[in-house]
Undergrad: 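Before anything else, here's the structure in question.
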Protein chains: 2
Amino acid sequence: MPVTLNTSDADFETRFAAMLSAKREDSADVNDIVSGIIADLRARGDAVLCELTAKFDRLDLTPDRLRFTPQEIAAEVARVSADDRAALSLAAERIRAYHARQMPEDASWTDPEGATLGWRWTPVSAAGLYVPGGQAAYPSSVLMNAIPARVAGVGRLVVCVPTPGGVINPLVLLAAQLSGVDEIYRVGGAQAIAAMAYGTETIAPVDKITGPGNAFVAAAKRQVFGRVGIDMIAGPSEVLIIAEGEQNPDWLALDLLAQAEHDADAQSILITTDPALGHAVAGAVDRILPTLPRAAIAGASWRDYGTIIIARDLDEAAALSDRVAPEHLELCVDDPEALATRCRHAGAIFLGAHTPEAVGDYVSGPNHVLPTARSARFSSGLSVMDFLKRTTLARLTPGALAAIGPAAMRLAASEGLQAHGASVEARLKALNERTAE
Amino acid sequence: MPVTLNTSDADFETRFAAMLSAKREDSADVNDIVSGIIADLRARGDAVLCELTAKFDRLDLTPDRLRFTPQEIAAEVARVSADDRAALSLAAERIRAYHARQMPEDASWTDPEGATLGWRWTPVSAAGLYVPGGQAAYPSSVLMNAIPARVAGVGRLVVCVPTPGGVINPLVLLAAQLSGVDEIYRVGGAQAIAAMAYGTETIAPVDKITGPGNAFVAAAKRQVFGRVGIDMIAGPSEVLIIAEGEQNPDWLALDLLAQAEHDADAQSILITTDPALGHAVAGAVDRILPTLPRAAIAGASWRDYGTIIIARDLDEAAALSDRVAPEHLELCVDDPEALATRCRHAGAIFLGAHTPEAVGDYVSGPNHVLPTARSARFSSGLSVMDFLKRTTLARLTPGALAAIGPAAMRLAASEGLQAHGASVEARLKALNERTAE
């Protein structure tokens, strides 16, 4: 049985707060190692990529072998079964359709003073996507990162993926192909991040780097931030389910376990207004858990971080959920739309009993790269916005400058910035002289 | 005379590349000091704020004196002249009007499979704005940070501002008042950032921290990132002007100097197709510079980083500008709209000879917090989006789950995530049984 809390208990607040502040991740301090790799990469380029790939991935490469050739990609992709290809294509199309609607619009208007104002969105020129190797090489993550970039209009899209022993998951290559990726390199780790940020003889630098990775990759992303843009640094995954009434305990148990099987550090929380349902779900988890191939991982997550909370009513459940600010929020209640309006902090909300979180990982359309570790309080999942930037625009007529320029001069004077004021004054003086002629 | 480059020169590319990669800022390594302050603040709260305020600002406070009272604010604000108040109010209104147009819209639609998809924007619950003390206490920056937060709908808006010797710029308090700030604390430095991120007995924690500051403040923002959201870490300011034809050299010189007077590390660049104009502007800078109160700062910036580039044509000028990706881009040319479409990377564009960059610092309406140090390649200026986050929404009907669920099961199987697939399968099985009944 996991921790079960009841909001009526005297020690509830203490125990809930402890759960919120529990650190679920050991962040090994790899900063020094990573900064050494970055410095070395900047000094010696491709040679470092080849050396470290030989060392960590047991793969001997020369610089001309760093990049997958079209023939190599075609040969791998040909191994994908028709069913897998169809499933991946369906996912790609649905993700593309969802993200196409996110494209923001440019704006331009002229105000009564004669100032024409607005903004314009443009894509980043080049983006790089990191794809972890081995077991964590999820083709779905390739789609979720690369498609928003392509929809945004990114000109050049690069993937770096380690291939331990030279082995690659062909679905990863197919996902890259379906997403319109331009270049795929068989390099991983901090050196791949450094190569995309600074460039080597073979890999031209990009402007933005996204994608998940281990502690070395995360540290490298933090260190190159500023030189390039990065997406969030993802923590362990989490789900919070609010359930009431006549819900199927097995379905809820499977949703909790689907989160738990990702990672021993993942967290699954059930908040229910019905103690009997809470009990039934806990029992279903215990029954199903041993049947899972990843029972060890899911079991550790459920044992260490799994939580069932009995709440008085749905208002209380929503308030507790907002304090967690979960990455994934499932609302298995009679009126999920009404409850959703009361939940303000969540990365993604899944409404109703027929929207298991797992469909969101693959095929529903919204992005599965979402804010973890309570950061949904202030941040959003990956979107086309991550691959766009906004330039503000202003054009003043002489009349507009005459109308608002004096206020700028006044404020510049109050801030002690004389040239600021003089740059406005010189223009206003010329306008006055012209008017006086 | 500053560096003058001509794109026809044989060594142009080398010298331009050197200019791009020149480091304009000495970033003192204050990380250890800052992490000590943060740890101390977390352990001892208000006591640390009072001790460090006594030490750095020569101001003895007790916890009940950390926050400005309404009476104290009113007394300071009463000292502002009517003209300054009118100018600040005009700026606030124009900034509010511009940012109100940035509010993004929620979306919801139902696709042919029966999936209702969409997203919803919600504001962060609480935001904190850091305002530097002393000479860098710009009331305009208070408006530029606080108004977007208020427009976004942030529930609680906090300002921390150091008051060395107990002195505060009354315009800063007025700007906070005009922006709708809820709480103002007389604390600064890394300890103020730590207090807003972690909270103390007196200051409740916030979810997002924005605003400029010195190296200690910047380091503290980096360290609390993740616990709270932060805006960008700003580098030295920069302007790039593209000019052709009959432009007034004095106006251009003043615009270059307005940037240079901010900071000895600021950079002012002129690209012109007319060598005679370049020469005339250089002469005007030399003539005007000694007349400025901040001549020492502006002179150092112009000497060390000022650059005039003679380009063949406007296409070449636009391409060079994109490589700089300037924070501020002024287009003093006959058809600035046409040239603007060819410049893809810039924080803000000022079109035409009557739109000096200085109006953008104060009154034109767009934000003056903009990406520096080439980061306009991948990031945008401050906006209401910085105080909002997006939650994605999905609701599947049983029919939608039947349509797209099998693809999710297939992909889950390919990624080895059995509980993911089982969570879909259990629901589909129940649907099939119901249909069979």
Side-chain angles (χ1 to χ4, degrees), chain A residues 83-84 87 90 117 122 124 138 140 171 207-208 229 250-251 254-255 257-258 261 292-293 344 346 348-352 354-356 358-360 362-366 377-380 389-396 398 401 404 407-408 410-411 414-415 417-420 422-424 426-427, chain B residues 83-84 87 90 98 117 122 124 138 140 171 207-208 229 250-251 254-255 257-258 261 292-293 344 346 348-352 354-356 358-359 362-366 377-380 389-396 398 401 404 407-408 410-411 414-415 417-420 422-424 426-427:
Chain A
D83 282 353
D84 278 350
L90 174 77
L117 304 172
T122 46
V124 301
Y138 293 151
S140 57
L171 277 167
D207 302 297
K208 176 106 187 188
D250 280 15
W251 299 2
L254 283 164
D255 294 350
L257 288 168
E261 75 177 342
L292 298 177
R344 300 180 62 234
I349 302 182
F350 302 85
L351 296 97
H354 288 93
T355 317
V359 298
Y362 298 112
V363 294
S364 64
R377 291 176 296 125
F378 54 81
S379 63
S380 311
K389 64 267 185 340
R390 186 187 50 246
T391 300
T392 62
L393 301 166
R395 179 171 197 171
L396 269 56
L401 186 64
I404 67 174
R410 186 92 206 170
L411 293 170
S414 81
E415 294 184 357
L417 297 173
Q418 168 116 350
H420 281 65
S423 74
V424 176
R427 287 157 164 105
Chain B
D83 282 354
D84 279 350
L90 176 77
Y98 183 92
L117 304 172
T122 46
V124 301
Y138 293 152
S140 57
L171 277 166
D207 303 298
K208 174 106 185 188
D250 281 14
W251 298 2
L254 283 164
D255 294 349
L257 288 168
E261 75 178 342
L292 297 176
R344 300 179 61 232
I349 303 182
F350 301 84
L351 297 97
H354 288 91
T355 318
V359 299
Y362 299 111
V363 293
S364 64
R377 292 176 296 124
F378 55 80
S379 63
S380 311
K389 65 268 186 333
R390 188 188 49 246
T391 299
T392 63
L393 301 166
R395 178 171 197 169
L396 269 57
L401 187 65
I404 67 175
R410 186 92 207 171
L411 293 171
S414 81
E415 293 184 358
L417 297 173
Q418 169 118 347
H420 281 64
S423 74
V424 176
R427 288 158 164 104

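Naming: A, B, ... by sequence-line order, numbering from 1 per chain.
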Undergrad: Please name all residues satisfying side-chain hydrogen bond (donor to acceptor under 3.5 Å, both in side chains) with H420(A), sequence neighbours left out, ordered by chain then number.
TA: E261(B), H262(B), D361(B)

Undergrad: Heavy-atom distances under 4.5 Å only: say whether L171(B) touches chain A with side chain, backbone, both or neither.
TA: side chain

Undergrad: If you count heavy-atom pairs under 4.5 Å with chain B, which of S364(A), G365(A), G352(A) comes out on top?
TA: S364(A)

Undergrad: When rounded to the nearest 0.5 angstrom, what distance separates CG in L254(A) from CD in Q418(B)?
TA: 9.5 Å

Undergrad: Considering only heavy atoms and a distance below 4.5 Å, find which of V424(B), D83(B), L417(B), D250(B) pairs most often with chain A.
TA: L417(B)

Undergrad: Find the distance between CG (L393(B)) and CD1 (I349(A)) and round it off to the nearest 0.5 Å.
TA: 5.5 Å

Undergrad: Highest number of heavy-atom pairs under 4.5 Å with chain B: which of R427(A), K208(A), K389(A)?
TA: R427(A)

Undergrad: Counting heavy-atom pairs closer than 4.5 Å to chain A, which one of D207(B), V124(B), L90(B) comes out on top?
TA: D207(B)

Undergrad: How close do R410(A) and D84(B) get, counting heavy atoms only, and between which atoms?
TA: NE-OD1, 2.7 Å

Undergrad: If you count heavy-atom pairs under 4.5 Å with chain B, which of P398(A), G360(A), A422(A), P366(A) comes out on top?
TA: P398(A)

Undergrad: Most heavy-atom pairs under 4.5 angstrom with chain A, which of A426(B), A407(B), S423(B), A358(B)?
TA: S423(B)

Undergrad: What is the distance from atom CG of L396(A) to atom NE2 of H354(B), rounded to the nearest 0.5 Å?
TA: 10.0 Å

Undergrad: Work out which heavy atom in Y362(B) is nearest to a heavy atom in E415(A); give both atom names and the distance.
TA: OH-OE1, 2.9 Å

Undergrad: Between S414(A), G229(A), A348(A), P356(A), which shows the greatest number of heavy-atom pairs under 4.5 Å with chain B?
TA: P356(A)

Undergrad: I need the minimum non-hydrogen distance between A346(B) and T391(A), along with the two atoms involved.
TA: O-OG1, 2.7 Å

Undergrad: Tell me, out of L411(A), V359(A), L292(A), who's got the most heavy-atom pairs with chain B below 4.5 Å.
TA: L411(A)

Undergrad: Main chain of R344(A), side chain of T122(B): is a donor-acceptor contact present, judged purely on distance under 3.5 Å?
TA: yes

Undergrad: List the residues meeting side-chain hydrogen bond (donor to acceptor under 3.5 Å, both in side chains) with S379(A), not counting sequence neighbours, and say none if there are none.
TA: none

